[in-house]
Amino acid sequence: MPLEEGSNVKKNPSIETAYALAREAYAGFGVDVEAALQRLDRIPISIHCWQGDDVRGFEAGAGELSGGIAATGAYPGRARTADELRADADVAMAQIPGPKRFNLHASYLEAGRPVERDQIRPEHYQRWIDWARARGIGLDFNPTCFSHPRSDAGTLSSADAGTRRFWIAHCQASRLVSAAFGQALGTPSIMDIWIPDGSKDLPYDRYGPRRRLIEALDEVLARPLPREHHRDAVEGKLFGLGLESFTVGSHELYLAYAATRKVMITYDTGHFHPTESVADKLSSVLPFVDVLLHVSRPVRWDSDHVVLLDDDTQALAHEIVRG
């Protein structure tokens, strides 16, 4: 494939020869490889902000990472400021072919002062909007329902009404931030909701927390937002560190929720049992719901968010293309 103007990447003769042979073989089946690659080059991929700083974020006075996701581990070159993360992203995106987007967590705001999560506003992300607009890319968004003193005893499913109300307000505010991204940048922002609620020990009640989660999500999503600016998604998980016996937001719950509420379902490749194939799931759910994929590298549990072109990732790509 031709290299972009000014690229410092040297051509590999072996790859060029293999590509020519593959192009010829596909042509025998009536497939125009160059046309397929041009089509591929119009599909943007969203890069997660947390690859650059170990999911720390830039809240004033931020504490330690929590919520059953502390599996990334002491990245020695992590960005310490939003400016450093943007600079790192610029370097990374210059090496990655095709159009890109960037996915922010709520905790990546720049306010210059402490801002509670139920009080976040679009203006706290204005420098991110300016950066994205200057590069012609879209932004996506996630509420940050972890690494907070009020997340230790549950969030949207918490038995404490005040705690539950706080996280509902945070997710509602996050939707307005997401919609502001979409409006400012002219491309819908996809907002993915994931919560760390669950238990390390066997609970006596599984239904109650799930009923509270469903009711809280209904309240979060009650306000209609323009689809040209914003889309909602929900993300399940098999278990997390410290949540080994019970995860409130299981895949089954969220799949049923997505199908009945007409929102997207998120499949994170690091959130399933190692023997499960996410590639096999796509054709089962796409007739009913739209799918958001978090493609990451599972290392026994969850991921370090750095993708490898392993067998599972290739199978996922094959299923997307062939399906």
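In this text, all values refer to a predicted model and were calculated from it rather than measured experimentally. Just so you know, these numbers use all the heavy atoms, side chains as well, and skip hydrogens, waters and symmetry mates.
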Problem set entry | Intermediate values then yes/no, ring-ring contact (aromatic ring centres under 6.0 Å, His included), His124 and Phe58 | CA-CA 11 Å; His124 300 144; Phe58 306 115; over 10 Å; no

Exercise. Between Ser245 and Arg206, which heavy-atom pair has the shortest distance, and what is it?
Worked result: O-NH1, 3.7 Å

Exercise. Any chance the side chains of Ser107 and His105 put a donor and an acceptor closer than 3.5 Å?
Worked result: no

Problem set entry | Leu255 to Ile265 - nearest heavy-atom pair and separation | N-CD1, 3.7 Å

For this session: Treat each ILVMFWY residue as a node, draw an edge where side-chain heavy atoms are under 4.5 Å apart, and state whether Ile193 and Val285 are in one component.
Result: yes

Seminar exercise, completed: Hits for salt bridge (charged side-chain N to carboxylate O under 4.0 Å, His left out) against Glu215, two or more places apart or cross-chain, chain-then-number order -> none

For this session: Compare every heavy atom of Cys49 with every heavy atom of Leu104, then report the nearest pair and how far apart it is.
Result: CA-SG, 3.8 Å

For this session: Check the pair Asp192, His294 against side-chain contact (heavy atoms from CB on, under 4.5 Å), reporting the backbone distance first and the verdict last.
Result: CA-CA 10 Å; Asp192 177 46; His294 280 186; 3.3 Å; yes

Exercise. If two hydrophobic side chains count as joined below 4.5 Å and joins carry through other members, does Met93 share a cluster with Leu139?
Worked result: yes

For this session: Indicate yes or no: does Asp88 engage Arg78 in a salt bridge with an N to O separation below 4.0 Å.
Result: no

Exercise. Val31, Leu40: one ILVMFWY side-chain cluster at the under-4.5 Å cut-off?
Worked result: yes

Exercise. Stepwise, does the side chain to side chain donor-acceptor pair (under 3.5 Å) test hold for Asn103 with Tyr108?
Worked result: CA-CA 10 Å; Asn103 191 164; Tyr108 287 66; over 6 Å; no

Exercise. Do any N or O atoms from the side chain of Gln95 and from the backbone of Val91 form a donor-acceptor pair under 3.5 angstrom?
Worked result: yes

For this session: Mind telling me whether Phe102 and Trp128 have parallel, tilted or perpendicular rings, with 30° and 60° as the class edges?
Result: parallel

For this session: Report yes if the distance between the aromatic ring centroids of Trp167 and His148 is under 6.0 Å, otherwise no.
Result: yes

For this session: Check the pair Arg86 / Glu110 against salt bridge (charged side-chain N to carboxylate O under 4.0 Å, His left out), numbers first and verdict last.
Result: CA-CA 12 Å; Arg86 283 188 287 265; Glu110 295 174 275; 2.8 Å; yes

Exercise. With a 4.5 Å limit on heavy-atom distance, are the side chains of Gln172 and Glu219 in contact?
Worked result: yes

Exercise. What pair of heavy atoms forms the shortest contact from Ser157 to Asp197, and how long is it?
Worked result: OG-OD2, 2.6 Å

Exercise. For Asp118 and Arg165, what are the C-alpha separation, side-chain angles and deciding distance, and is it a salt bridge (charged side-chain N to carboxylate O under 4.0 Å, His left out)?
Worked result: CA-CA 9 Å; Asp118 60 344; Arg165 172 56 46 198; over 6 Å; no

Problem set entry | Smallest separation among heavy atoms of Lys237 and Thr247, with atom names | O-CG2, 3.5 Å

For this session: Pick out which of Ile320, Thr266, Thr269, Asp268 makes a side-chain contact (heavy atoms from CB on, under 4.5 Å) with Leu293.
Result: Ile320

Exercise. Listed by chain and number, what are the salt bridge (charged side-chain N to carboxylate O under 4.0 Å, His left out) partners of Glu228, not counting sequence neighbours?
Worked result: none

For this session: Please report the C-alpha distance between Leu221 and Arg175 in whole Å, then the side-chain angles of each, then the deciding distance to 0.1 Å, and finally whether the side-chain contact (heavy atoms from CB on, under 4.5 Å) criterion is met.
Result: CA-CA 8 Å; Leu221 303 177; Arg175 293 183 80 229; 3.7 Å; yes

Problem set entry | Ring centres under 6.0 angstrom apart (Phe141, His230) | no

Exercise. What's the shortest heavy-atom distance between Ser158 and Arg164, and which atoms?
Worked result: O-NH1, 2.6 Å

Problem set entry | Check: Arg227 and Pro188 side chains under 4.5 Å, non-hydrogen atoms | no

Exercise. Do the side chains of Val278 and Leu286 join up, straight or via other hydrophobic residues, at under 4.5 Å, putting them in one cluster?
Worked result: yes

Problem set entry | Trace of the salt bridge (charged side-chain N to carboxylate O under 4.0 Å, His left out) decision for Asp130 with Arg133 | CA-CA 5 Å; Asp130 295 342; Arg133 183 187 288 115; 3.4 Å; yes

Exercise. Quick check: does any side chain N or O of Gln119 sit under 3.5 Å from a backbone N or O of Glu116, one acting as donor and the other as acceptor?
Worked result: no

Exercise. Using 30° and 60° as the class limits, which term best fits the ring planes of His271 and Trp194: parallel, tilted or perpendicular?
Worked result: tilted

Exercise. Does the side chain of Ile137 reach to within under 4.5 Å of the side chain of Trp131, using non-hydrogen atoms?
Worked result: yes

Problem set entry | From CA spacing to verdict: side-chain contact (heavy atoms from CB on, under 4.5 Å), Phe246, Leu202 | CA-CA 7 Å; Phe246 174 54; Leu202 290 171; over 6 Å; no

Exercise. Any chain of hydrophobic side-chain contacts (each under 4.5 Å) joining Leu309 to Ile47?
Worked result: no

For this session: Decide side-chain contact (heavy atoms from CB on, under 4.5 Å) for Arg127 and Asp83; before the verdict, give the C-alpha distance in whole Å, the side-chain angles of both, and the deciding distance to 0.1 Å.
Result: CA-CA 9 Å; Arg127 295 188 69 202; Asp83 283 332; 2.7 Å; yes

For this session: Consider only side-chain N and O atoms of Ser277 and Asp280, and report whether a donor and an acceptor are under 3.5 Å apart.
Result: no

Problem set entry | Tyr257 side chain to Asp218 backbone, donor-acceptor under 3.5 Å | yes

